[in-house]
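First the structure, in the form of structure tokens, and then the observations on it.
Counting starts at 1 for both ligands and their atoms, in listed order.
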Amino acid sequence: MKNYDVIIIGTGQATGTILPGLLEEGLSIATIESDRVGGSCVNWGCTPTKTLIASSRAAHMISRGEEFGISPGERTTNFSRVMERVNGIRMPATSGFQEWLEESTDFYPGEARFIDPHTVGVNGEQISGSEILIHTGTRARIPDIPGLKDVHWVDNKGILDLKTLPRHLLVLGGSYIGVEFAQAFRRLGSRVTIVQHGERLVPKEDPDISGELQSVLESEGIRILTGTEALSAAPAQDHGLELKVRSPSGQTEVLSADTLLIAVGRLPNSDSLNLKAAGVSSDDRGYISVDDSCRTSVPHIFALGDVNGRGAFTHTSVHDGQVYLSRRAGGDKRIGDRTLIYALYSDPPVARVGLNESMARARGISYRVAGMPMKNIARAKERDETSGKITILVDPGDNSILGATVFGVGGDEIISMLALAVQAKLPYSVLQNTVFPHPTVAELIPFMFDSLSEVISP
Ligand SMILES: Cc1cc2nc3c(=O)[nH]c(=O)nc-3n(C[C@H](O)[C@H](O)[C@H](O)COP(=O)(O)OP(=O)(O)OC[C@H]3O[C@@H](n4cnc5c(N)ncnc54)[C@H](O)[C@@H]3O)c2cc1C
Ligand SMILES: NC(=O)c1ccc[n+]([C@@H]2O[C@H](COP(=O)([O-])OP(=O)(O)OC[C@H]3O[C@@H](n4cnc5c(N)ncnc54)[C@H](O)[C@@H]3O)[C@@H](O)[C@H]2O)c1
């Protein structure tokens with residue numbers, strides 16, 4: 001049996017972060033991957049969705065041409081060209097990575113499974129490791145809906161294999177994945193209906209954000225059914241499918257479509273690892289329990305990325321890699337020290353750092369709040385993209401920024417500046433006294449603090 005200093009199971013987003021450090025230490029490393037190297041982000045997540053969204057934005061701006069005094073002529077979507085572009089960007093992103101893994105580690109293509117705390121089986125072979133890193137990510141959760149097994153549905157992977165633009169795309173789930181795909185396909189020309197079980201879209205955001213995002217999507221022609229339960233699915237005579245749903249008032253309706261996207265949350269890829277044999281603990285949903293340095297219940301086994309349930313983004317997975325390396329080097333980076341930050345790449349995007357009002361209330365935290373609608377911001381008016389608002393929460397005690405939501409044009413970039421303020425615990429007066437360039441969306445942030453609310457207590 002071959003012995004390694006480190007075995008890495010799954011080649012998600014932290015792999016590229018940790019590998020140079022491990023190689024520098026001169027360690028022997030095995031990497032195991034059951035699918036395409038690089039994991040969800042480059043193959044089936046961030047990269048393809050944001051590339052698709054870029055095409056859909058181009059389509060959207062062409063259809064708005066007349067508003068800007070441009071007559072673009074008739075707009076058509078060449079869907080195979082759109083997907084060629086998506087594949088042309090995502091595929092090469094992993095081939096160089098695969099070569100690097102093959103050159104610098106013993107690369108095992110296959111599914112890993114624990115035999116005992118130090119031994120892993122892959123393709124009938126057994127290898128052992130002094131340290132083992134579980135980095136296996138998540139997959140789409142498929143709900144238990146009667147008849148679903150009899151119809152053709154796609155998840156975030158399958159949707160990238162579509163050869164023709166859906167005539168009617170039904171999207172089950174109205175959160176990050178559902179909203180991004182729904183808007184992209186609507187703008188490319190599909191009819192789109194979102195069936196959201198929760199009472200509003202993107203339920204982790206404040207209700208005003210969910211409401212305005214819903215208005216934006218509806219204004220583009222997307223039908224949104226919130227608080228709606230999918231009761232059953234069945235094949236339709238025209239090779240499509242029918243989904244029976246029940247509205248909050250109890251009324252049932254049968255929705256017909258040619259394509260069904262399932263985007264109702266994720267499941268950790270921990271069930272096939274035989275964690276019991278290694279003694280690794282997980283929670284009731286299968287997320288592997290870790291301490292602030294990514295260490296599992298077994299001291300020489302670590303879990304990095306989405307599978308540990310402490311983050312669900314590429315940047316949190318990469319940060320887990322930095323935390324792991326820091327511990328090896330005797331440093332003190334901790335998962336618990338990072339600030340929540342992400343962007344939903346709707347157009348306009350919804351970007352958030354730290355607390356929003358709902359979270360502050362739920363946690364019993366007092367705050368002051370400042371808000372600015374995008375329609376008051378010159379840059380947004382000039383671009384004629386005035387949906388959304390900026391909301392910033394301030395700690396009434398030390399005047400630091402507790403969190404911010406930037407829903408509006410440029411929000412996905414502006415949020416990083418606010419993240420710096422949160423991470424550094426800067427008093428808001430530092431932002432207030434900084435001069436930003438005109439015309440930008442950010443330029444009004446310093447002025448927002450002039451109208452901070454009184455203290456809001458939960
Ligand atoms: C549609 C979509 C859009 C997204 N957009 C964004 C975005 O814009 N921004 C953002 O920050 N995040 C986004 N995410 C989330 C992001 O993709 C993940 O958070 C990120 O990839 C981190 O995952 P990871 O590194 O933990 O694991 P993954 O990237 O999921 O990698 C895990 C790897 O482990 C392999 N594996 C699993 N089980 C085994 C096994 N038993 N043996 C061997 N190998 C195994 C898998 O095949 C996979 O390659 C998106 C996700 C989706 C689905
Ligand atoms: N821009 C980004 O960073 C980005 C983009 C896409 C995905 N992601 C990552 O992927 C993860 C998963 O996203 P997601 O949108 O699949 O899941 P989610 O867990 O965020 O939301 C799932 C939604 O589906 C709804 N739902 C649950 N069961 C349902 C059912 N049977 N029928 C209809 N609706 C149902 C829920 O009400 C909920 O709003 C996110 O946590 C995020 O980390 C990130």
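Not a single heavy atom of Arg113 lies less than 4.0 angstrom from ligand 1.
Residue-level proximity to ligand 1 for Ser317 is carried by the side chain, the only part with a heavy atom below 4.0 angstrom. Only the side chain of Tyr345 comes within 4.0 Å of ligand 1, judged by heavy-atom distances. Here Ala312 has backbone heavy atoms under 4.0 Å from ligand 1, and that is the only part of it that gets that close.
Residues meeting the side chain to side chain donor-acceptor pair (under 3.5 Å) test with Ser282, sequence neighbours left out: none.
If you check which protein heavy atom lies closest to atom 18 (C) of ligand 1, you get Asp306 OD2, 3.2 Å. At the top of the distance list for atom 39 (C) of ligand 1, counting protein heavy atoms only, stands Thr136 CG2, 3.5 Å. Closest protein heavy atom to atom 9 (N) of ligand 1: Cys46 SG, 3.8 Å.
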Exercise for the section: Any chance you could lay out the side-chain hydrogen bond (donor to acceptor under 3.5 Å, both in side chains) test for His168 and Thr193, step after step, and finish with the verdict? Expected result: CA-CA 8 Å; His168 184 192; Thr193 304; 2.8 Å; yes
Filter the ligand 2-protein atom pairs down to N or O on both sides and distance under 3.5 Å, then list them.
from: ligand 2; atom 1: 1 (N); to: Glu180; atom 2: OE2; distance (Å): 3.0
from: ligand 2; atom 1: 1 (N); to: Ala343; atom 2: O; distance (Å): 2.7
from: ligand 2; atom 1: 3 (O); to: Ala343; atom 2: O; distance (Å): 3.4
from: ligand 2; atom 1: 15 (O); to: Tyr176; atom 2: N; distance (Å): 3.2
from: ligand 2; atom 1: 15 (O); to: Ile177; atom 2: N; distance (Å): 3.0
from: ligand 2; atom 1: 16 (O); to: Gly265; atom 2: N; distance (Å): 3.1
from: ligand 2; atom 1: 17 (O); to: Gly265; atom 2: N; distance (Å): 3.4
from: ligand 2; atom 1: 20 (O); to: Ser175; atom 2: OG; distance (Å): 2.8
from: ligand 2; atom 1: 21 (O); to: Ser175; atom 2: OG; distance (Å): 3.4
from: ligand 2; atom 1: 28 (N); to: Arg141; atom 2: NH2; distance (Å): 3.2
from: ligand 2; atom 1: 34 (N); to: His197; atom 2: N; distance (Å): 3.1
from: ligand 2; atom 1: 37 (O); to: Gln196; atom 2: OE1; distance (Å): 3.3
from: ligand 2; atom 1: 37 (O); to: Gln196; atom 2: NE2; distance (Å): 3.3
from: ligand 2; atom 1: 37 (O); to: Gly198; atom 2: N; distance (Å): 3.2
from: ligand 2; atom 1: 39 (O); to: Gln196; atom 2: OE1; distance (Å): 3.4
from: ligand 2; atom 1: 39 (O); to: Gln196; atom 2: NE2; distance (Å): 2.8
from: ligand 2; atom 1: 43 (O); to: Ala312; atom 2: O; distance (Å): 2.5

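A donor-acceptor pair shorter than 3.5 Å can be found between the side chains of Asp5 and Ser28. Side-chain N/O atoms of Arg85 and Asn78 include no donor and acceptor closer than 3.5 Å.
Across Leu23, Ile7, Asp106, a single residue satisfies side-chain contact (heavy atoms from CB on, under 4.5 Å) together with Ile29, and that is Leu23.
Nearest to atom 17 (O) of ligand 1 by heavy-atom distance, out of Cys41, Ala112, Gly38, is Cys41.
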